[in-house]
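Presented below is the structure to which this report refers.
Counting convention: from 1, in listed order, for ligands and their atoms alike.
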Amino acid sequence: MTGRLDELFALARSTRGFMPDEEGVALYEAARRAGEAAEARRPGTPVFVEIGAWCGKSTIYLGAAAEATGAVLFSVDHHHGSEENQPGWEHHDPDLVDPADGRIDTLPHWRRSIAAARLEGVVVGVVGDSPTVASCWTAPLEFCFVDGGHGDEPAWADYRGWAPLVATGGLLAIHDVFPDPADGGRPPYELWRDAVSSGEWAEEAACGSLRVLRRVRPSGA
Ligand code: SAH
Ligand code: MG
């Protein structure tokens, strides 16, 4: 089993993306705790959701936790990149552009990553706009990872759409939370602050810019 985990971590490390190794392991460990707690708490398959997959780096860390705990990970992305991934922006990668239409297309890369990791049995790709998917979603989430668009509007839309769907006892992980504005953009930090001050969440873990919260009170209660 350790061999399998080493294999998955090595693959995740070599996959392109925006998840430092240490934070990826912390992400895996948090999802694993969520899956194990869910197994003990209720029958059925624990549901994990990831918002923002890019080429599958964080997906492999989360898929490893899903595999270990009998969960299913739904990985949501329209695969055309965020604002900050478009040409002229900081996180653009020209070889992800589809020559047919000149747009970023990370889906083929993501699929290859998941196939290479042999995680297709536990990872389901959901290709589309995250708030649209959230608006139709009803299954309670044991684990939700928010790492989609980092601008004001997309980050808040993800938080407002997905955080209420996390089950009591389930975990919400937010990436790129930077208390010091010199380190990065504000929105992920601001929505993390909102969650902490809402009284619905307890701080569960932190690693680098990754913050993990546990739902202690139902949404809006
Ligand atoms: N978690 C990834 C990085 C994600 S980058 C890693 O570990 O490397 C952010 C991703 O969010 C991009 O792939 C972008 O396509 C996606 N995204 C941005 N806005 C979105 C939206 N409204 N709906 C779905 N996906 C979105
Ligand atoms: Mg990120």
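- Of the N or O atoms in Glu50, none lie within a sub-3.5 Å distance of an N or O in ligand 1.
- Not one N or O of Val76 is nearer than 3.5 Å to an N or O of ligand 1, by distance alone.
- Near Gly52, with a cut-off below 4.0 Å to any heavy atom, the atoms of ligand 1 are 1 (N), 2 (C), 4 (C), 10 (C), 11 (O).
- The nearest heavy-atom contact from the protein to atom 25 (N) of ligand 1 is His78 N, 3.3 Å.
- A donor-acceptor pair under 3.5 Å links the side-chain atoms of Trp137 to the main chain of Ala139, judged by distance alone.
- Not a single heavy atom of Ala157 sits under 4.0 Å from any atom of ligand 1.
- Atoms of ligand 1 found under 4.0 Å from any heavy atom of Met19 (numbered from 1 in listed order, with element): 7 (O).
- A 4.5 Å side-chain heavy-atom check between Cys136 and Val133 finds every atom pair outside the cut-off.
- Asp176 contributes OD2 as its N, O or S atom closest to the Mg ion (ligand 2).
- Geometrically, ligand 1 and Lys57 share no nitrogen or oxygen pair separated by less than 3.5 Å.
- With a 6.0 Å radius and a threshold of 12 heavy atoms from other residues, nucleotides or ligands, Glu84 has its CD atom above the threshold.
- At distances below 3.5 Å, at least one donor-acceptor pair connects side-chain atoms of His150 with backbone N or O atoms of Gly148.
- Every atom of ligand 1 with a heavy atom of Gly128 under 4.0 Å away is listed here by number and element: 23 (N), 24 (C).
- Each of the atoms 21 (C), 22 (N), 23 (N), 24 (C) of ligand 1 lies under 4.0 Å from some heavy atom of Ser130.
- Scanning the protein heavy atoms around atom 22 (N) of ligand 1, the nearest turns out to be Asp129 OD1, 2.9 Å.
- Taking backbone and side chain together, His150 holds no N, O or S atom under 2.8 Å from the Mg ion (ligand 2).
- When the Mg ion (ligand 2) is compared with the N/O/S atoms of Asp147, atom OD1 turns out nearest.
- For ligand 1, the polar-atom distance check finds an N/O of Gly81 within less than 3.5 Å of one of the ligand's N/O atoms.
- The ring pair (Phe, Tyr, Trp, His ring centres under 6.0 Å) test with Tyr61 singles out one residue from Phe48, Phe9, Tyr28, and that residue is Phe9.
- As for His175, its N/O/S atom nearest the Mg ion (ligand 2) is the one called ND1.
- For ligand 1, the atoms sitting less than 4.0 Å from at least one non-hydrogen atom of Gly17 are 8 (O), numbered in the order shown with element in parentheses.
- Between Ser58 and ligand 1, an N or O atom pair is found at a separation short of 3.5 Å.
- Atom CZ of Arg193 has 12 or fewer heavy atoms from other residues, nucleotides or ligands within 6.0 Å.
- Counted within 6.0 Å of CD on Glu7, heavy atoms from surrounding residues, nucleotides or ligands total more than 12; the atom is thus considered enclosed.
- Salt-bridge annotation for Asp176 and Arg186: absent, with no side-chain N of the basic residue lying under 4.0 Å from a carboxylate O of the acidic one.
- In this structure, the protein non-hydrogen atom closest to atom 11 (O) of ligand 1 is Gly148 CA, 3.4 Å.
- Note that CD of Glu190 and CD1 of Ile174 are 12.0 Å apart. Values are rounded to the nearest 0.5 Å.
- Here the closest heavy-atom approach between residue Leu172 and residue Ala163 is recorded as CD2-CB, 4.1 Å.
- Within the 3.5 Å criterion, the main-chain N or O of Val166 finds a donor-acceptor partner in the side chain of Arg215.
- Under a 4.0 angstrom heavy-atom cut-off, Thr106 registers as lying outside contact with ligand 1.
- Asp147 contributes no side-chain N or O that, together with a main-chain N or O of Gly52, makes up a donor-acceptor pair within less than 3.5 Å.
- Proximity to Ser82 (heavy-atom distance under 4.0 Å) selects the following atoms of ligand 1: 9 (C), 10 (C), 11 (O), 12 (C), 14 (C), 15 (O), 16 (C), 17 (N), 18 (C).
- Polar contact check, Arg16 against ligand 1: no nitrogen or oxygen pair lies under 3.5 Å apart.
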Trp192 vs Tyr159, ring-ring contact (aromatic ring centres under 6.0 Å, His included): CA-CA, chis, key distance, verdict:
CA-CA 9 Å; Trp192 171 75; Tyr159 173 66; over 10 Å; no
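- Atom 8 (O) of ligand 1 has its closest protein heavy atom at Phe18 N, 2.8 Å.
- Not one N or O of Pro154 is nearer than 3.5 Å to an N or O of ligand 1, by distance alone.
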